[in-house]
Amino acid sequence: MLKESIKMALENIVSNKMRSFLTMLGIIIGVGSVIALITIVSGATSTVTDQVASMGANTVTVQVQGTPLKQGLTQGDVNKIAELSNISGIAPTISGQTSVAFEGNTMDEITLQGKNDVYFENTEDVISSGRIIKSIDTENESRVALIGNDIVNELYVGKNPIGQEIKIGGITYNVIGILQESDSFSSTDTNSSVIIPYTTAMGVVGAKYINSMTVYIADEALADTTTRQIEGVLTKAFNGDEDGYTIVNMQSILETIEEMTSILSMMLAGIASISLVVGGIGIMNMMLVSVTERTSEIGLRKALGAEPKQIQLQFLIESVVLCLIGGIIGFILGVSLAWVVANLIGTSFALTASTVLLAIGFSAAIGVVFGFMPARKASRLNPIDALRSV
Amino acid sequence: MPEKILEMKNLIKTYIMGDEEQVVLKGIDLEINRGDFLSVLGPSGSGKSTLMNIIGCLDVPTSGTYYLSGELIRDLPEVDLSHIRNREIGFIFQQFQLLPRLSAQKNVELPLIYAGVPEKERQARSAHILERVGLADKMNNRPNQLSGGQQQRVAIARALVTEPTILLADEPTGALDQQTGQQIMALFKELYQEGKTIVMITHDADVAKNGSRIVRIVDGNLSEGVYNA
Ligand SMILES: Nc1ncnc2c1ncn2[C@@H]1O[C@H](COP(=O)(O)OP(=O)(O)OP(=O)(O)O)[C@@H](O)[C@H]1O
Ligand SMILES: [Mg+2]
């Protein structure tokens, strides 16, 4: 019975190709736009979250604004955080301004950064040549420096700076590496920067405070707990003044991004589904016309012994099949559109099983909802009246 | 002893149009035995189709009793009436009422689908019965690829395929030319000889003569036997 009904529904749709297509158009556009929007947004979301995650989903960043009494973190504060459980490493940063000199030539307004080996181990592509700062440099407060491209080009014309000396703020360092060239898109300008071990910056240069640090978490699942513990240490360090620091947990940023984009994609899909409703009304209209046109067929079927339920099922199947075909076409168009858009704007493209199920489920549901009334009307036709209308 | 398969007693059908009541069937008494070929003859508007609708369980009487195969047909739920129609009645209509998109064989299979007969058996039974009405080579034709007489044969095959208690035909030759009509009547007579029970409604006295019994219906009243053209 079911098989027969589906076959008859298909025959009916095929025998009215143009009308069926026009009726399906609403569903095609509706399903297409919903699927395209969801796929595009979820692709964009995964691109953004991948980017954020590549910055370190397992990191907690602490920015120190300081308080009037205490302008930054001390080594003692950092040690206390290092003693917490679930911490795999800490990369403190000291920043300042300085000048550099080599063989009598001087450059001013150079950014000085103090960092440690943990930073270099966790960050890719910091240097273009030479070597990075190692833990032994940090421990020994070595006078070693990584220098930016502008400095190389201005002070070491025609020379390989690695192995040469450089005067930073009047103190002599050994150049061990050259920083990766930064372009206008980079978040920090490394071209006119020098990086030295942060311990050297404190011990030799005389910096008192650490301005920021990245804490690496061993187990991401416990990121929230660890973040709270770090916060506890910081609050104590600043005597309870929470304005002294800002703490950012990457995991929670990721969660916020995902939450926001899922709300966004639901909103967009909601707007697009208005066209689905319009499409559904089109289906209902076509089904009502079909019931009227086929009144005598309905009467005949009833005379031959069709139960009202079977008539209703037949028309319901027709409307569901119509919607499913429209839904499948719309799905293919929507996914193609999403693929083109993803390639154009350079986000990732992923088709999930849930999107497929959503498209199929949605179109079937529209078929049932908007086919119900016409189908019931058909099932309630009086066979005598229906037969007479030849 | 003939087996009584249909019995009507004082059957009345009234239509209410607005506040006017029209009595269309005015107390019909009718008995049909298995194997009868009954012609119901009457002029237009006499109530023939109304009677046929009641016999075919498409409608129920306003009052009086109607027994079909021993079962009292009254205001039953639609689903029960549909089962009775499927089991007991084989309809043959003036306009054939074939579904244009289906082949002859598929049209014949239709009542079997509603009877819940599995596909294999449906195909075998419909093929067999189409052969019986002389359309073995036309099984895959659609109605518009058949002549009027052939279409009516398909309709007859469809009525026969469920082996119903009664074949119920309303003006079966009404849409056919005289010669084709005679061929259809010949087929009816064969079926009668095979022992089928046939009720045929017509306004044409010549067609009615094919029956083994003739009843006349005039203005809602039914009278048996006396035939005068
Ligand atoms: N549903 C209905 N409502 C009201 N009156 C009806 C209805 N059906 C039939 N009638 C009336 O009942 C009377 C008998 O109608 P019926 O269709 O049974 O006639 P008939 O003998 O079949 O005529 P014909 O040979 O023209 O088909 C007619 O006067 C008709 O107007
Ligand atoms: Mg009539």
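All chains are named by letter (A, B, ...) in the order of the sequence lines, taking the proteins before the strands, and each is independently numbered beginning at 1. Everything numeric in this text was worked out from a predicted model, so none of it was measured.
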Cut-off 4.5 Å, heavy atoms of chain B, and the answer for R294(A) is side chain
Does any N or O in the side chain of K196(B) come within less than 3.5 Å of the main-chain N or O of L160(B), such that one atom is a donor and the other an acceptor? no
Most heavy-atom pairs under 4.5 angstrom with chain A, which of E109(B), R101(B), E78(B)? R101(B)
Does K48(B) come within less than 4.0 Å of D170(B), counting only side-chain N to carboxylate O? no
side-chain hydrogen bond (donor to acceptor under 3.5 Å, both in side chains) with R125(B): of Q123(B), H128(B), E121(B), only one passes, and it is E121(B)
I'd like to verify something: which residue of S15(A), P308(A), G299(A) has the highest number of heavy-atom pairs under 4.5 Å with chain B? P308(A)
Between K7(A) and E11(A), is the closest basic N to carboxylate O distance under 4.0 Å? no
What part of N53(B) gets closer than 4.5 Å to chain A, counting heavy atoms only: side chain, backbone, both or neither? side chain
Between L102(B) and chain A, which part of the residue has a heavy atom less than 4.5 Å away: side chain, backbone, both or neither? side chain
Decide side chain to side chain contact (heavy atoms under 4.5 Å, CB included) for V320(A) and F315(A); before the verdict, give the C-alpha distance in whole Å, the side-chain angles of both, and the deciding distance to 0.1 Å. CA-CA 9 Å; V320(A) 169; F315(A) 278 86; over 6 Å; no
So for R158(B), is it side chain, backbone, both, or neither that comes closer than 4.5 Å to the heavy atoms of chain A? side chain
